[in-house]
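This report concerns only the one structure given below.
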Amino acid sequence: MSQTDTHADGLAKAFEPETVEQRWYAYWEEHNVFAPSLEEGDDRPTYVLPMPLPNVTGSLHMGHAMMCTLEDVLTRYHRMRGYNTLYQPGIDHAGIATQVVVERQLRRDGISRHDLGREAFLEKVWAWKEKSGGRIVEQQKVLGLSADWSRSVFTMDDGYARAVREAFVRLYEEGLIYRAERLIYWDCQAKTVLSNLEVESEEENGELFEFAYPISEADGGGELVVATTRPETMLGDTAVAVHPDDDRYKHLHGKKLQHPFVDRLVPVITDAILVDPEFGTGAVKVTPAHDFNDFETGQRHDLPLINILDLDGKLNEEGGPFAGLDRFEARKAVKKALKDKGLARGSKNHRLMIPRSDRTKTVVEPMLSTQWFVKTKPLAEPALEAVRTGKTKIIPEEWTKTYEHWMTNILDWCISRQLWWGHRIPAWFCSDCDHISVINVETLEACTKCGSKDIKQDEDVLDTWFSSGLWPFGTQGWPDETPELKRFYPASDLETGYDILFFWVARMMMMGIHFMGEPPFKRILLHPLVVDETGKKMSKVLGNVIDPLDLIHGADFETVVTKAMPGASLEEAMKKFKKSYPSTAKMGKGFDAYGTDAVRWTMCSYSTLTKRVPLSPKRIESNRFFCNKIWNATRFALPYLEGATVSEAAPPATTRINKWMLTRLSRVCETAIAGVDAFRFDESTIGLYRFFWGELCDWYLELCKPVFAGDDEALKSETRNVLAFCLERSLRLMHPFMPFITEELWHRLPRPDDSPVSISLASYPEAGVAPRDEAAEQEMDAVMAVIGAVRTVRSEREVHPGATIHVVLRHPEEATRELLTAERMAIETLCKTDQLEVQPSGADRPAGAALTVAAGVEVLVLLKGVVDAEKEAARVEREINKTEKNIAALEKKLSAKGFAERAPAEVVAETKEQLVEMKERRRLLDEAKALAAELA
RNA sequence: AGGCGGGUAGCUCAGUGGUAGAGCGUCGGCCUUACAAGCCGGUGGUCGCAGGUUCGAAUCCCGUCCCGCCUACCA
C-alpha cells in the first residue's frame with residue numbers, strides 16, 4: 001500500500017536549486033541519517049570511508065568538489081545498499097601551511113613568532129583555528145556530504161595526539177625510529193627540514209660558472225678549472241674530482257689545490273661515479289655538506305664535511321670573508337672575488353632543476369643536520385605485499401606500478417620538523433646521563449633512566465603526514481580497543497587524488513599494517529586532477545581557478561575572475577579566464593546558479609580512467625538542464641499519480657509498453673550498480689541519463705499521454721502504478737549522485753507506506769527490482785524504429801508538426817502486423833497520423849507515397865501534394881548508397897578467406913542474416929525509387 | 001634519463017577482437033497545455049603514422065612521431 005497523496009502544489013515551473021537545496025541538509029542532520037550504528041545486534045556489513053582530511057587552512061576548491069562528490073556517492077550508495085556506513089570526517093592541523101599563514105599575519109603587525117615565544121605563538125594559532133579554521137566544513141555541507149560530523153576529528157585533538165605519541169614511542173622502541181645526522185633538505189624561510197616529498201624541482205634558467213683552482217706550489221703550480229651552478233658552495237669544497245680515465249687530468253691525481261679564500265688545501269680525487277668527463281670541464285668541485293651526490297662522494301673518499309650555512313640561509317663563519325652574507329648575495333660576491341683574483345674563467349647559460357619547498361616556494365638547501373627518521377624498508381615490505389597479494393586493490397590498476405616503484409625504492413623518512421605548530425616529539429634529553437626518554441606522556445618530570453629532573457623535551461614537532469598516516473585507526477580511539485576501532489577498522493575504501501598517493505596513502509598502508517596487523521582499506525580509489533577546460537592546472541598565475549561555490553550559487557564573471565586572479569586588472573583577468581574556459585564565451589554575464597546536484601552529477605560524469613579532468617562550465621550547465629528535466633517530468637506526472645500504489649514489489653504490468661518500461665528500469669539498475677562498484681561513475685551517470693531522459697521522458701511519458709487522456713480505466717490504473725514506480729525508483733537510483741533534488745521530489749511522489757524519513761535511507765534498486773521481458777523489449781525496439789522512420793519522413797518532407805498524415809505499414813508476417821496493430825495508439829500519437837493502416841506486403845503502392853524501411857517494415861507515408869519529387873529521389877538515393885555500402889562490406893566479410901571456416905558459427909550466421917536483411921531493404925528501396933519517380 | 005598515461009566526430013571524452021558511440025556544438029523544422037533549460041529530424045570520424053598477428057584490429061604485438069604527468073638527475 002502507499003501514501004496516495006501527491007504534492008504537486010508549489011512545484012515551481014522550473015527547477016530552482018537554491019530553494020530546494022537549502023532545506024534538506026538541516027533535515028538530514030535533524031534526522032541523524034548520516035550516523036552509523038554501533039549497536040551490538042546490528043550485523044549489517046560495514047562500509048567505512050575515511051575522508052582525506054582537508055587542511056585547517058583550506059577552503060573548498062574544485063579538487064575538493066570532485067573528491068567529496070565521489071566519496072559521498074560511494075557513501076550514500078553503500079548506505080542505500082544496506083551497509084552500516086561511516087564517512088569519517090576530520091581536519092588536519094597542517095603544520096607548515098598553518099604556521100606560514102599565522103606568521104604572515106603576525107608579520108603584518110611587524111612581529112615574528114620569536115618575539116612572541118612558543119607558547120604565546122601557539123595560542124595565536126589556536127585562536128586563528130577557532131576563528132577561521134574549518135570554514136571548509138560549512139562548504140562541504142553545501143556539497144551535501146553525508147559524513148557523520150559528530151565523529152569529526154581534528155588531528156591536534158587530545159585523543160588523536162595520544163595516538164600519535166603512541167605510534168612514535170612504539171616505533172622508537174622497535175628500532176624503527178632513529179635519530180641521526182644526515183644530509184637533508186632545508187627550507188631557509190620556514191627554517192625547517194623537509195622530507196624529499198615536500199620538495200618540488202622545476203627547470204629554471206641558471207648559469208654554469210667556471211673558475212680555476214690554483215694547484216699548490218708544492219705540487220708544481222698551475223690550475224684546474226671547475227664548473228658550477230652554485231659558486232658560493234666552493235667555500236665548503238673539500239675535494240675536486242676528476243674521472244680516473246681522463247687523460248687531461250692524469251698528472252694531477254692526488255695533487256693538492258689551494259683554496260682561494262680560506263686556508264685549506266683541497267685534494268684532487270678520482271671518482272668514476274660522480275664525474276662525467278663530457279660535462280663542463282670534466283673536473284667537479286666536491287661539497288659534501290651541501291649536495292647529495294657530493295655527500296656520497298665524500299663518504300666514498302672519507303672527505304671532511306664543512307657546513308657553510310646558517311639555518312636562515314646566511315653564510316656562517318666557515319664562509320671566511322663572506323660570512324654573514326645571504327646565500328644569494330654570497331653567490332655574487334664569490335663570483336666577483338674570483339674575478340678580482342683572476343680566477344674566473346667565464347660562464348654560459350644553463351637550464352637546471354631548482355629544488356623548491358612546496359609550501360614556501362623558496363629554494364631549499366641540502367644541509368647536514370641531526371633529525372628523527374623512520375626506517376621505512378621494514379614497513380614498506382608488508383605494504384607492498386598487501387597490494388601484490390590483492391588484499392588491497394588499487395583502482396585504476398595502472399597506479400599499482402607507481403606504488404610498487406616508490407615503495408621499492410623508498411628512502412628513510414625524515415619526520416622531525418623545526419616548527420612550533422604540530423605534535424611535539426615525545427622525547428626528552430637528560431643532561432645528566434644523556435639518555436633519551438621516549439614515552440607517551442604530554443609532559444615528563446624526570447629522566448626515565450636516571451631519574452634526573454634536568455631533562456629537556458625535543459623542541460621539534462612531527463611531520464604532519466606522520467600524524468595523518470594514522471588516520472584510519474587514530475580516529476577510532478586507538479591505542480585503546482574501542483568498539484569503534486573494532487567495527488570501523490579496517491576501512492573499506494580510501495578515495496583520494498593520486499597526487500597524495502605517496503604522501504598519505506602509502507604511509508597509511510605502512511602504519512596501518514604495522515600497528516593493526518592488516519591493511520587499512522580493501523580498495524584504494526584514485527581520481528583525476530581537475531584542470532581548466534584547456535587542460536592546464538588551475539593556478540592564480542594563469543587566472544583559471546574556479547570556486548565551486550560560484551558554480552553552485554552563481555556569480556557574474558567579474559566576481560569570478562577577480563577571485564581567480566587577484567591583483568590583476570579586470571580586463572587581463574577576464575581575458576585569461578575566457579581563454580582557459582572557451583565554453584564560457586556564450587554564457588552571458590556569468591555562471592547561473594547551477595546548484596550542487598548539477599555540479600555533483602558533472603563531477604561523476606568524467607571517466608576516472610584519465611589523469612586529468614578538464615572542467616567544462618558548459619557541461620555543468622547542461623546537467624542543470626537535466627535536473628530541470630527530472631523536475632518537470634515529475635511535475636508532469638504528479639497530477640496523474642493520484643491514487644497510485646507504490647510498494648517494494650514492482651506493480652503488475654500487462655501491456656507491452658509497461659513491460660518494456662519495467663525491463664528498461666531493471667537494466668539501468670544493473671548499469672548504475674556496476675558503474676559504482678567498478679569506480680566508474682561515468683558509466684552509471686551516462687546510463688541513468690539516457691534511461692531517464694532518452695527512455696522514460698522521450699518515450700514512456702509521451703506514450704502515457706494518450707493513456708491518461710483515454711477512458712480505459714484498467715489501463716490507466718496499471719500505467720499510473722508503473723509510472724509512479726519507475727519515477728520513485730529513478731529518484732533512488734540517482735540519489736547518491738544528486739541528493740537534493742531527488743530528496744525533494746521523492747517526498748512529493750507516492751512511495752511505499754513504510755518508507756524511511758529520507759530517500760537516502762531507502763534501498764538502492766537492483767536488477768531484480770522489476771521483471772524483465774526481452775520480447776517486449778525487442779518488439780518495442782521495432783515499434784520505435786517505425787515511429788522514427790515516419791518522423792524522419794515528416795521532417796525531411798517538411799510536413800508541419802501540427803499536420804496529420806496517412807501512414808501505411810506493411811509486413812509479410814502476421815505476428816509483426818499484430819504487433820503494429822496492437823501498438824497503433826503509440827504509433828498514431830507519436831507520428832501524428834489521422835489514418836493508420838497495417839497490411840500484408842505485396843499490394844500495389846498508393847500513388848504519391850514516400851517509402852522507407854524500418855525494422856523490416858515497409859513504411860509508406862502518403863504525402864499527396866506536399867512531396868517534392870526531386871528531394872524524395874535524393875533521399876532514396878542516399879539510402880540506397882548507404883545500404884549498398886553495407887551490403888558490400890558484409891559480402892566482403894563473408895567471402896573473405898577463412899571467415900566461414902574460422903569465425904565462430906554464431907558470428908557467421910549473424911552476418912548472413914544481416915546480409916539478407918540488407919538485401920531486402922535494398923529491394924524495397926528500389927521500389928521507393930520507382931515511387932519517387934512516379935511523383936515527378 | 002627512466003616510468004606511466006594519452007592521441008577516436010568541430011570540442012570534451014566513452015568504447016580491450018565481430019560492419020564506430022555519447023554530451024556539447026552545428027544545420028533544418030516546431031512555442032505539440034511537463035520542460036524553448038524543451039521537442040522532432042539531419043549533418044559529421046580512412047579511430048596519430050607505419051608495420052605485424054588474426055578469417056576479422058580503434059581494440060593485441062613491434063616500431064615511430066607528438067602531448068601530458070610522475071620519479072631521478074650533470075656538477
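Worth knowing before you read on, the calculation uses all heavy atoms, side chains too, and leaves out hydrogens, waters and symmetry mates. Small disclaimer: the values here were computed from a predicted structure and weren't measured. So you know, we letter chains A, B, ... as the sequences are listed, proteins then strands, and number each from 1.
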- [ ] Output the residues of residues 198-206 of chain A in contact with RNA chain B, where contact means a heavy atom of the residue under 4.0 Å from an atom of the strand; sort by number or write none.
- [x] none
Open item on the list: Hydrogens and angles aside, do Asp271(A) and Thr297(A) bring a side-chain donor and acceptor to less than 3.5 Å of each other?
Closed with: no
Task: With sequence neighbours excluded, residues passing side chain to side chain donor-acceptor pair (under 3.5 Å) with Thr229(A) - done: none
- [ ] Give Gln914(A) one of three labels, base, sugar-phosphate or nothing, depending on what nucleic acid heavy atoms sit under 4.0 Å from its own.
- [x] base
Open item on the list: By the salt bridge (Lys or Arg N to Asp or Glu O under 4.0 Å) test, which pairs, at least two apart or in different chains, include something from residues 595-609 of chain A?
Closed with: Asp72(A)-Arg600(A)
Open item on the list: How long is the straight-line distance from CG of Asn544(A) back to CG of Asp532(A), given to the nearest 0.5 Å?
Closed with: 4.5 Å
Task: Check: Tyr689(A) ring centroid to Phe691(A) ring centroid under 6.0 Å - done: no
Open item on the list: By the 4.0 Å heavy-atom rule, please label Phe15(A) as base, sugar-phosphate, or nothing.
Closed with: base
TODO: Using the test salt bridge (charged side-chain N to carboxylate O under 4.0 Å, His left out), find all partners of Glu204(A) that sit at least two apart in sequence or belong to another chain.
DONE: Arg356(A)
Open item on the list: Any base atoms under 4.0 Å from Leu352(A), or only sugar-phosphate, or nothing? Heavy atoms, all strands.
Closed with: sugar-phosphate
- [ ] Compute whether any side-chain donor of one residue and acceptor of the other, for Thr911(A) and Gln914(A), lie under 3.5 angstrom apart.
- [x] no
Open item on the list: I need the residues from residues 594-609 of chain A with at least one non-hydrogen atom less than 4.0 Å from RNA chain B; give them sorted by number, or say none.
Closed with: Ser607(A), Leu609(A)
Task: Partner nucleotide of C35(B) by Watson-Crick or wobble geometry (both distances under 3.5 Å) - done: none
TODO: Could you tell me whether the side chains of Ser347(A) and Glu207(A) share a donor-acceptor contact shorter than 3.5 Å?
DONE: yes
- [ ] Output, in order, the C-alpha distance, side-chain angles, deciding distance and verdict of side-chain hydrogen bond (donor to acceptor under 3.5 Å, both in side chains) for Ser583(A) and Glu533(A).
- [x] CA-CA 8 Å; Ser583(A) 80; Glu533(A) 210 168 358; 3.0 Å; yes
TODO: Check salt bridge (charged side-chain N to carboxylate O under 4.0 Å, His left out) between Arg619(A) and all other residues, then give those that pass, not counting sequence neighbours.
DONE: none
TODO: Using a 4.0 Å heavy-atom cut-off across all strands, classify Lys618(A) as base, sugar-phosphate, or nothing.
DONE: sugar-phosphate
Grab the N/O contacts between the protein and nucleotides 67-70 of chain B below 3.5 Å, and write none if there aren't any.
none

- [ ] Go through residues 882-889 of chain A and report each residue with a non-hydrogen atom lying under 4.0 Å from RNA chain B, sorted by number.
- [x] Asn886(A), Ala889(A)
- [ ] Have a look at Asp698(A) and say if it touches a base, only the backbone sugar-phosphate, or nothing, with a 4.0 Å heavy-atom cut-off.
- [x] sugar-phosphate
TODO: Identify whether any heavy atom of Thr634(A) sits under 4.0 Å from a base atom; if not, whether one sits that close to sugar-phosphate; answer base, sugar-phosphate or nothing.
DONE: nothing
- [ ] Kindly state each residue pair satisfying salt bridge (Lys or Arg N to Asp or Glu O under 4.0 Å) with at least one member in residues 605-618 of chain A, sequence neighbours excluded.
- [x] Lys618(A)-Glu621(A)
TODO: Using a 4.0 Å heavy-atom cut-off across all strands, classify Ser616(A) as base, sugar-phosphate, or nothing.
DONE: nothing
Task: Watson-Crick or G-U counterpart of C24(B), or none if no pair lies under 3.5 Å - done: G10(B)
Open item on the list: Students often get this wrong, so: under 4.0 angstrom with heavy atoms, is Gly694(A) touching a base, only sugar-phosphate, or nothing?
Closed with: nothing
Task: side-chain N/O Asn293(A) vs C74(B) OP1/OP2, d < 4.0 Å - done: yes
Open item on the list: So Glu702(A), base contact, sugar-phosphate only, or nothing? Heavy-atom distance under 4.0 Å.
Closed with: base
TODO: For Glu744(A), enumerate each residue passing the salt bridge (charged side-chain N to carboxylate O under 4.0 Å, His left out) test, keeping only those at least two apart in sequence or located in another chain.
DONE: Arg23(A), Arg748(A)
Task: Heavy-atom donor-acceptor pair, Lys401(A) side-chain to C4(B) base, under 3.5 Å - done: no
- [ ] Just call it for Lys13(A): base, sugar-phosphate, or nothing, with non-hydrogen atoms closer than 4.0 Å on any strand.
- [x] sugar-phosphate
Open item on the list: Within the 4.0 Å heavy-atom criterion, would you say Arg351(A) contacts the bases, only the backbone, or no part of the nucleic acid?
Closed with: nothing
Task: Contacts of Glu203(A) that satisfy salt bridge (charged side-chain N to carboxylate O under 4.0 Å, His left out) - sequence neighbours left out - done: Arg351(A)
TODO: Determine which pairs satisfy salt bridge (Lys or Arg N to Asp or Glu O under 4.0 Å) with at least one residue from residues 285-298 of chain A, sequence neighbours left out, and list them in order.
DONE: Arg230(A)-Asp291(A), Asp237(A)-Lys285(A)
- [ ] Ignoring backbone atoms, test whether His350(A) places a side-chain nitrogen or oxygen under 4.0 Å from the OP1 or OP2 oxygen of A75(B).
- [x] yes
